[in-house]
Amino acid sequence: MSAIQIRLPDNSIREFDHQPTILEVAESIGPKLAKDTIGGLIDGDPEVRDLRTVLKDGQKLEILTMGSEKGLEVVRHSAAHVMAQAVQEIWPEVKATIGPVIDNGFYYDFDSPFQFTPEHLSKIEKKMKEIIKRGDKIEKQVLERAEAEKTFKSMDESYKLELIEGFDADSEISIYKQGGDWFDLCRGPHVQKTSQIKAVKVLSLAGSYWRGDENRQSLQRVYATAFYSQKDLDEHLKNLEEAKKRDHRKLGKELGMFYFDQLSPGGPFFTPKGTIVYNEFLDFLREKYRKYDYQEVITPQVYDVDLYKQSGHYQNYKENMYFMEVDDRQFSLKPMNCPGHCVLYTQEKKSYRDLPWRVADFGRLHRYERSGVMHGLTRVRTFSQDDGHIFCTLDQMQSEIESFVSMFKEIYHALGMEDYKIYLSTRPEKRMGSDEVWDKAEAALENALQRMELPFQVNPGDGAFYGPKLDFMFVDALKRPWQLGTLQADFNLPEAFDLSYVGDDNSEHRPVMLHRAILGSLERFIGVYLEHTAGHLPTWLMPQQVRVMNLTDRQLDYCKSLTEQLKAEGLRVDFDDRSEKLGFKIREAQLMKIPYMLVIGDKEEESGQISVRLKNGTTKYGLKMEDFVSQVKKDVGERMLKSPLIETES
RNA sequence: GCCCAUGUGGCUCAGGGGUAGAGCACACCCUUGGUAAGGGUGAGGUCGCGAGUUCGAGUCUCGCCAUGGGCUCCA
C-alpha cells in the first residue's frame, strides 16, 4: 500500500500509512501544535473542517489552531453545544433545537416549558463555565440513519428527529459526545475538549420560531459569544458598549434632535435642531441635483387607489399602505413616489430629445410597517427619500448609471463615508421582459461599474422581477453594514403606465425607468450617520456651530455684539450668558458637541482678540475675530469634515 | 404580526398594597469665577391607558397602547 501524502501550506509533504485525521497530521508535527489544533481548511476551501476529518491522499491542509480567526467559529460552535448541555443538565425537560454560529457569537434555540429570565441566563452561564472547567473531551460518532432516528426518538428530541428526516439520503449523520452521556446531533466542527473554550458570555434572550416560521413552535433563543481569551471578550463587550453609546436614539435625545411620541408610532418628530440637520442634507443634495441635471418636482401626497392598482402596488404592497375613504372614494397615502412620477411623465408628449428625463422628489412617504419592526429612525412609518427617477432609452442606461455612480461617490466622499460595497443583482427566474432587454440592462450596470473601476459582487438571481439592480452597502465606523443607496432598473412601470417617447424614427418607443437613491431614506440616513460619526457631525451640519460664553457680566455687551456679528455672517451661533462658571458652560457646550466655543473675558475684550476652544479640547488663544470668521466660514462653506483650526494643528 | 422584557416629573432611574422619591435639566436668588459639574431656594407627577380584586392599587390580575431585544417582514 502506497503512502498517503498530505501537503501543508509551506508545501512540505507529510506521509502516512493510512488516511490520517487533521489532528493526526498535527500530532505528527508536534505535541504543542496538536494540543492547540481546533480545525482545518482543506484544499483552500473556506469552510472550516472538523479536526476529526479523515484526509485523502494528495489533499492540502491548513491546520487551524487556537488564536486563528477562522478557528473562532469552531470554538463558538462548541460553545453553543456547551450551552445546550448546560441547559439540559439544569433543566432536562428543555428540548434543544439548533445552535448556529453568527457574526460575533452564537445562539441556541430551545423549546422550554417555562419562560427563561435573566436569572436563568446567569445560571446557564455559570453551568457553561463549569462544563468548560471540567474540560470534557468531545468525541464524534457516526450513526446509521435508522439508529440516529431511534436514538433521538427515544429521547423525545422531536426537533432533532425532524432535522434528521430532512437530511439527504447519502449524508453522513454524526453526533458529538461531550463528557459522559450528553451528546448532540451535529456535523461539527468542534474543538477537542470543552476547556478549549476560554471565555464565554451569555448575552441576551429573544423569541424565535422553529425554522424561522411564525406559524410553528415558538422558541426561546439565547444569545452568547465566545472568545479565545477574556481579554478579547472584554474588548468585544466594550465595543458593544460603544455601539450602545452611539445609538442614534440616545444621541438624538441627548443632542435634542428628534423624539418619538406614542401618538404616532414610527413617526419621528424633528425638533428645530434636528430639522436644521435634515434641511442641510436637503440643501446639499439639491446642490448635487443641479450639478447632475436633475429637476426637482413636488407631487401629491394622496392618490386615488386606482393609481396603485395600475402600478401593481395595490396588489403586491397593500398591507403596507395607508388607506382612507372620503366621499365614497378610496384614497391612499403614497408609499413611494414612482407612480406619481409616471403620471407626471405622461403630462406632455415626450420626444427622444427630452430623454433622459430626470426627476427628483423629497416627497413625504408613508408605509404601514408592522408594529414589531420599527426601530428609531432606521425603520419608520413616515419618511422621505432622496428619491429620483430617470426615464431614458435602453441605450442611455449605461451613461446614466455612470453619472449616478459618480454622484454617489462624490456625496459619500464628502460625508467621509469611504467604506462601501456594491452588489449587482441579476435576473431572477420569475421575471418580466425579454432576455434581450435583460442582457442589455445587466450589461449596462456591469459595464458602468467596470468603467468606473469599482469592485462589486454579483448576486445572481437576486434582482426584482421588473429589472436588475445595484445595491450600495455602506460599512460604518463600527464595521456594521447598512444598505442605503440603490439603483434599480424597471421595465414594469413604463409598461403599466404605457409610457412612451417618440424616437428619431417618428415611432413610439417604451422608455426604461431607473429608480435611484443615494442616501435612501433621510430619516434612516440621519440615524446611520449619527452612529457613524458618534454624533460628531461636521460643522456644516451642526445645529449650533459657535457658542459664545462670557466669563463675567462685564463682558455681556461685548459678547452680544460678537454674537450678532457671527450671526450676520450666516453662522448658527448662540450666547451662553448665564452666570455660571466657565467650566460649567464648557461642559455643556462640549456635551452638545458644539464645534467652536468663544471664551470671552476681560483680556479678550481689552485686546480685541478672541480665545476659541475647539471641541477636541484644545484652545486657540489670541485669534483675530476676522480670521476666526473666515476659518469657520471656510469650514461650513466647503462642508469640511474637520475644522480647519484642528487641521492646522501639530 | 409573533415571543420576551419594560413603561414613575423634560431626562436617567429608585420605590412593589396605606399621603409620590432622588440626581440632572428648569425658575429665582447668592456667587463674577479663565477652559468638562460653585451654593441656596422653588416649581414641576392623571405613576402609559382602561377595567377588575381590595376598606384602600404606581404597587396585585386581566385587556389595550407604546417602547426595547429578537423572529418574521422590508414588492
Side-chain angles (χ1 to χ4, degrees), chain A residues 102 107 109-112 114-118 120-121 203-223 244 247 249-250 253-254 256 259-267 271 308 311-321 335-336 338 367-376 378-381 428 430 463-467 469 483 486 488 490 492-493 515 520-521 524 549-556 577-592 597-604 611-615 617-621:
Chain A
I102 50 170
Y107 65 79
D109 282 351
F110 297 100
D111 181 5
S112 160
F114 59 88
Q115 277 306 329
F116 287 158
T117 64
H120 289 99
L121 295 193
L203 297 169
S204 58
L205 188 61
S208 67
Y209 302 96
W210 174 237
R211 301 263 158 116
D213 179 345
E214 67 176 272
N215 297 313
R216 304 198 61 177
Q217 180 64 41
S218 81
L219 306 171
Q220 301 192 66
R221 175 168 299 179
V222 181
Y223 284 89
K244 259 189 216 163
D247 189 316
R249 291 167 300 186
K250 190 168 180 290
K253 212 177 265 178
E254 285 168 2
Y259 89 106
F260 291 88
D261 190 279
Q262 302 196 33
L263 290 170
S264 178
T271 61
Y308 300 106
S311 70
H313 288 106
Y314 185 81
Q315 294 83 327
N316 294 306
Y317 201 65
K318 201 172 38 206
E319 61 283 4
N320 283 304
M321 290 167 66
M336 53 268 298
C338 18
R367 297 183 183 176
Y368 184 79
E369 299 288 355
R370 298 212 286 168
S371 65
V373 304
M374 260 104 66
H375 180 93
T378 57
R379 194 80 179 266
V380 290
R381 284 181 174 159
K430 276 177 118 180
F465 77 92
Y466 51 75
K469 62 173 179 174
Q483 205 245 289
T486 180
Q488 305 184 10
D490 187 347
N492 178 48
L493 283 181
H515 306 253
S521 143
R524 184 175 146 84
M549 38 190 92
N550 58 326
L551 204 59
T552 75
D553 289 347
R554 289 189 296 280
Q555 299 91 34
L556 270 175
D577 63 353
R578 295 172 305 172
S579 59
E580 295 289 351
K581 289 180 110 169
L582 182 60
F584 184 83
K585 292 186 183 184
I586 284 180
R587 179 184 150 80
E588 274 194 7
Q590 199 81 46
L591 288 174
M592 294 311 289
M597 294 166 236
L598 244 62
V599 178
I600 305 299
D602 284 334
K603 276 188 252 170
E604 283 76 13
S611 301
V612 181
R613 182 182 159 110
L614 306 170
K615 69 174 178 188
T618 61
T619 306
K620 309 265 173 189
Y621 295 95

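Note: hydrogens, waters and symmetry copies are ignored here, and every other heavy atom, side chains too, is used. Naming convention: chains lettered A, B, ... in sequence-line order (proteins, then strands); numbering from 1 in each chain. A quick note: this is a predicted structure, and the numbers were derived from the prediction, not measured.
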Any base atoms under 4.0 Å from [X], or only sugar-phosphate, or nothing? Heavy atoms, all strands.
X: A:Arg211; value: nothing
X: A:Arg367; value: nothing
X: A:Phe260; value: nothing
X: A:Gly256; value: nothing
X: A:Met597; value: nothing
X: A:Gly266; value: sugar-phosphate

Interatomic distance, [X] [atom1] vs [N] [atom2] [rounded to whole Å]:
X: A:Lys253; N: B:rA25; atom1: NZ; atom2: P; result: 18 Å
X: A:Met549; N: B:rU32; atom1: CE; atom2: C1'; result: 16 Å
X: A:Glu254; N: B:rA25; atom1: CD; atom2: P; result: 14 Å
X: A:Arg249; N: B:rA66; atom1: CZ; atom2: P; result: 17 Å
X: A:Phe110; N: B:rC71; atom1: CZ; atom2: C1'; result: 17 Å
X: A:Asp261; N: B:rG10; atom1: CG; atom2: P; result: 12 Å
X: A:Tyr107; N: B:rG69; atom1: OH; atom2: P; result: 18 Å
X: A:Arg379; N: B:rG69; atom1: CZ; atom2: C1'; result: 16 Å

List for me each residue that meets side chain to side chain contact (heavy atoms under 4.5 Å, CB included) alongside [X], sequence neighbours excluded, and say none if there are none.
X: A:Lys318; value: A:Tyr314, A:Phe323
X: A:Arg381; value: A:Pro265, A:Tyr322, A:Tyr368, A:Glu369, A:Ser371, A:Met374
X: A:Thr552; value: A:Arg554, A:Gln555

Would you indicate, yes or no, if [N] has its OP1 or OP2 atom less than 4.0 angstrom from a side-chain nitrogen or oxygen of [X]?
X: A:Arg524; N: B:rC74; result: no
X: A:Arg370; N: B:rC74; result: no
X: A:His375; N: B:rG69; result: yes

Inset, instruction - Scan every strand shown for a Watson-Crick or G-U wobble partner of B:rG68, both distances under 3.5 Å, and answer none if you come up empty. - result: B:rC4
What residues form a salt bridge (charged side-chain N to carboxylate O under 4.0 Å, His left out) with [X], not counting sequence neighbours?
X: A:Lys581; result: none
X: A:Arg587; result: none
X: A:Asp490; result: none
X: A:Glu580; result: none

Inset, instruction - Report the nucleotide, chosen from B:rU72, B:rU67, B:rC71, that has the shortest atom-to-atom distance to any side-chain atom of A:Pro265. - result: B:rU67
Legend entry - Syn-anti status, with the boundary at 90° from 0, for the nucleotide B:rG45: anti
Legend entry - Candidates A:Thr618, A:Leu582, A:Leu598, A:Thr619 - the one meeting side chain to side chain contact (heavy atoms under 4.5 Å, CB included) with A:Arg613: A:Thr619
Inset, instruction - Verify, without hydrogens or angle tests, whether A:Gln590 (side chain) and A:Lys615 (backbone) share a donor-acceptor contact under 3.5 angstrom. - result: yes
Legend entry - Expected output: side-chain A:Lys620 to main-chain A:Leu614 donor-acceptor under 3.5 Å: no
[M] and [N], which share atom name [atom1], separated by this distance in whole Å:
N: B:rU6; M: B:rG21; atom1: P; result: 25 Å
N: B:rG45; M: B:rU19; atom1: C1'; result: 14 Å
N: B:rG9; M: B:rC2; atom1: P; result: 28 Å

Inset, instruction - Could you encode protein contacts along nucleotides 34-39 of chain B as a string, one character per nucleotide from 5' to 3', using B for base contact, S for sugar-phosphate-only contact and - for no contact, with a heavy-atom cut-off of under 4.0 Å? - result: BBBBB-
Inset, instruction - For the residue pair A:Leu591 and A:Glu254, establish whether any side-chain heavy-atom pair is separated by less than 4.5 Å. - result: no
Please list each protein N or O that sits under 3.5 Å from an N or O in nucleotides 3-7 of chain B, with the distance.
unit_1 : atom_1 : unit_2   : atom_2 : d
B:rC3  : O2     : A:Gly207 : N      : 3.3

Inset, instruction - Confirm from the modelled atom types if A:Arg554 and B:rU32 form a donor-acceptor pair under 3.5 Å, side chain to base only. - result: no
